[in-house]
Engineer: 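Structure below; questions to follow.
When a ligand or atom number is given, it counts from 1 through the structure's own listing order. Keep in mind that what you see is a predicted model, and the values were worked out from it rather than measured.
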Amino acid sequence: MAHDRPRALSGIQPTAGSFHLGNYLGAIRQYVALQETHDAFYMVVDLHAITVPQDPRELRANTRVAAAQLLAAGLDPDRCTLFVQSHVPEHAQLGWVMNCLTGFGEASRMTQFKDKSAKQGADRTTVGLFTYPVLQVADILLYQADQVPVGEDQRQHIELTRDLAERFNSRYGHAFTVPSAHIVKETGKIYDLQDPSIKMSKSASTPKGIISLLDEPKVSAKKIKSAVTDLDTVIRFDEENKPGVSNLLTIYATLTGTSIADLERKYEGKGYGALKTDLAEVMVDWVTPFRSRTQEYLDDPETLDNILAKGAEKARTVAAETLALAYDKVGLLPAKH
Ligand code: ATP
Ligand code: MG
């Protein structure tokens with residue numbers, strides 16, 4: 001399949017009313033950067049969201065809120081293809097083929113599934129949650145993606161994608177590009193503000209541990225100020241011994257484009273209070289325009305829906321071509337037109 005630029009693809013779930021700071025620093029910032037150098041496809045993965053119970057009205061609303069936030073963060077529909085996963089039925093279709101290529105034991109080794117299902121209990125865990133990494137494989141392979149910008153927690157799923165692409169290609173003949181994970185080392189894992197041993201997460205963080213980008217700015221400022229640090233007072237980047245402070249330094253450095261070394265110098269001899277107060281201000285300055293840009297898109301749902309419709313149309317042309325190739329390779333009899 002000929003395309004000039006390398007391809008990038010990623011997806012984000014509309015499982016909460018707001019994205020969090022980990023989503024932005026770990027993933028969305030990279031989406032924005034890659035649209036300059038790649039033929040980039042980004043989607044709101046509503047089919048992944050329903051692996052856990054969702055209120056239908058909320059899911060519909062949150063899907064628009066997710067798209068609006070991606071635009072507010074800097075995605076430009078003229079430079080990338082932005083769409084909603086369920087608008088492109090090929091995802092579910094290739095997902096089935098990939099399910100039939102995945103070993104049960106292989107899928108059982110996915111640590112996210114183990115963590116999430118352990119929390120929910122076996123009776124409340126759906127088969128959809130179990131096979132969601134396989135649907136994600138289909139999401140990526142449909143677009144012949146070279147790079148997949150994600151956070152560190154997705155590394156294992158991208159490895160699975162590579163394994164399945166290679167397995168398909170060697171069993172049936174070449175159909176898929178084997179993708180690589182694009183994970184930025186510094187920001188690939190942003191930690192919970194109250195428990196810096198776990199990642200900030202829509203599903204696992206407590207309200208105080210998570211910066212939701214659409215919260216009132218003063219709420220986010222307060223959460224920064226009450227972030228858990230340690231009993232020492234020295235401001236130094238040391239992930240092992242000072243995970244809380246290191247997390248704050250990463251956030252501060254990334255949002256302001258300063259190096260961690262410069263921040264360490266700036267706060268030499270000062271306490272955690274000074275760092276937190278300044279970072280709270282940086283946070284407020286960042287979320288305030290982000291929230292108003294998101295609201296502008298939400299105030300004009302027709303324009304938003306048109307952007308998503310155009311994106312889905314573009315995505316479908318690529319996805320349909322890959323699906324037809326995969327169906328053919330597997331030996332599914334083509335329907336007569
Ligand atoms: P859930 O807890 O429901 O899985 P989530 O917070 O992980 O939600 P997703 O929509 O699953 O959010 O993830 C979207 C993107 O954000 C993915 O690329 C994921 O790797 C990235 N991401 C999520 N949390 C973090 C984090 N704490 N630090 C860096 N990247 C993250
Ligand atoms: Mg996740």
Engineer: Identify the protein heavy atom lying closest to atom 16 (O) of ligand 1, giving its residue, its atom name and the separation to 0.1 Å.
Structural biologist: N23 ND2, 3.1 Å
Engineer: With rounding to the nearest 0.5 angstrom, report the CG to NE2 distance, D192 to H20.
Structural biologist: 10.0 Å
Engineer: Can you confirm whether R5 is buried at CZ, in the sense that more than 12 heavy atoms of other residues, nucleotides or ligands lie under 6.0 Å from that atom?
Structural biologist: yes
Engineer: Will you find, in the side chains of Y252 and Y267, an N or O donor that is under 3.5 Å from an N or O acceptor?
Structural biologist: yes
Engineer: Pull out every atom of ligand 1 sitting under 4.0 Å from any heavy atom of T187, numbered as shown with elements.
Structural biologist: 29 (C)
Engineer: Could you check whether atom CD of E313 has more than 12 heavy atoms from other residues, nucleotides or ligands sitting under 6.0 Å from it?
Structural biologist: no
Engineer: Show me which atoms of ligand 1 lie under 4.0 Å from any heavy atom of G188.
Structural biologist: 28 (N), 29 (C), 30 (N)
Engineer: Applying a heavy-atom cut-off of 4.0 Å, say which part of L25 lies close to ligand 1: side chain, backbone, both or neither.
Structural biologist: neither
Engineer: Who gets closest to atom 30 (N) of ligand 1 by heavy atom: A27, G22, A49?
Structural biologist: G22
Engineer: Is Q112 in polar range of ligand 1, meaning some N or O pair under 3.5 Å apart?
Structural biologist: no
Engineer: Would you say Q147 and Q30 are linked by a side-chain donor-acceptor pair, where the criterion is simply a distance under 3.5 Å?
Structural biologist: no
Engineer: What protein heavy atom is closest to atom 11 (O) of ligand 1, reported as residue, atom name and distance in Å?
Structural biologist: Q13 NE2, 3.1 Å
Engineer: Below 4.0 Å from any atom of ligand 1, is there a heavy atom belonging to V45?
Structural biologist: no
Engineer: Would D146 and H38 count as having a side-chain donor-acceptor pair, cut-off 3.5 Å?
Structural biologist: no
Engineer: Considering residues, nucleotides and ligands other than K208, do more than 12 of their heavy atoms fall under 6.0 Å from its NZ?
Structural biologist: no
Engineer: Near Q154, which atoms of ligand 1 are under 4.0 Å from a heavy atom of that residue?
Structural biologist: 20 (O)
Engineer: Geometry only, no angles: is G151 polar-contacting ligand 1 at N/O separations under 3.5 Å?
Structural biologist: yes
Engineer: Check each of D262, T254, L255 against T258 using the side-chain contact (heavy atoms from CB on, under 4.5 Å) test, and report the only one that passes.
Structural biologist: D262
Engineer: Do any heavy atoms of K116 fall under 4.0 Å from ligand 1?
Structural biologist: yes
Engineer: Regarding atom 7 (O) of ligand 1: of the candidates K202, K199, H157, which has the closest heavy atom?
Structural biologist: K199
Engineer: If we set the cut-off at 4.0 Å for heavy atoms, which region of D153 has an atom near ligand 1: side chain, backbone, both, or neither?
Structural biologist: side chain
Engineer: Using a 4.0 Å cutoff against the non-hydrogen atoms of G26, which atoms of ligand 1 qualify?
Structural biologist: 29 (C), 30 (N)
Engineer: Ligand 1 versus S201, non-hydrogen atoms closer than 4.0 Å: side chain, backbone, both, neither?
Structural biologist: both
Engineer: What protein heavy atom sits nearest atom 6 (O) of ligand 1, and how far off is it?
Structural biologist: H20 NE2, 2.6 Å
Engineer: Determine, step by step, whether Q35 and D76 satisfy the side-chain hydrogen bond (donor to acceptor under 3.5 Å, both in side chains) criterion, reporting the C-alpha distance in whole Å, the side-chain angles of both residues, the deciding distance to 0.1 Å, and the verdict.
Structural biologist: CA-CA 8 Å; Q35 66 182 347; D76 174 353; 5.9 Å; no
Engineer: Heavy-atom contacts under 4.0 Å between M200 and ligand 1: side chain, backbone, both, or neither?
Structural biologist: both
Engineer: Do Y143 and D39 meet the criterion of a side-chain donor-acceptor pair at a distance under 3.5 Å?
Structural biologist: no
Engineer: Can you tell me if Q112 and Y132 form a side-chain donor-acceptor pair at under 3.5 Å?
Structural biologist: yes
Engineer: Would you please determine whether E152 falls within less than 4.0 Å of ligand 1 on a heavy-atom basis?
Structural biologist: no
Engineer: Return the option from D192, T250, V44, I190 holding the heavy atom at the smallest distance from atom 28 (N) of ligand 1.
Structural biologist: I190
Engineer: Would you kindly say whether T63 and D46 are connected by a side-chain donor-acceptor distance under 3.5 Å?
Structural biologist: no
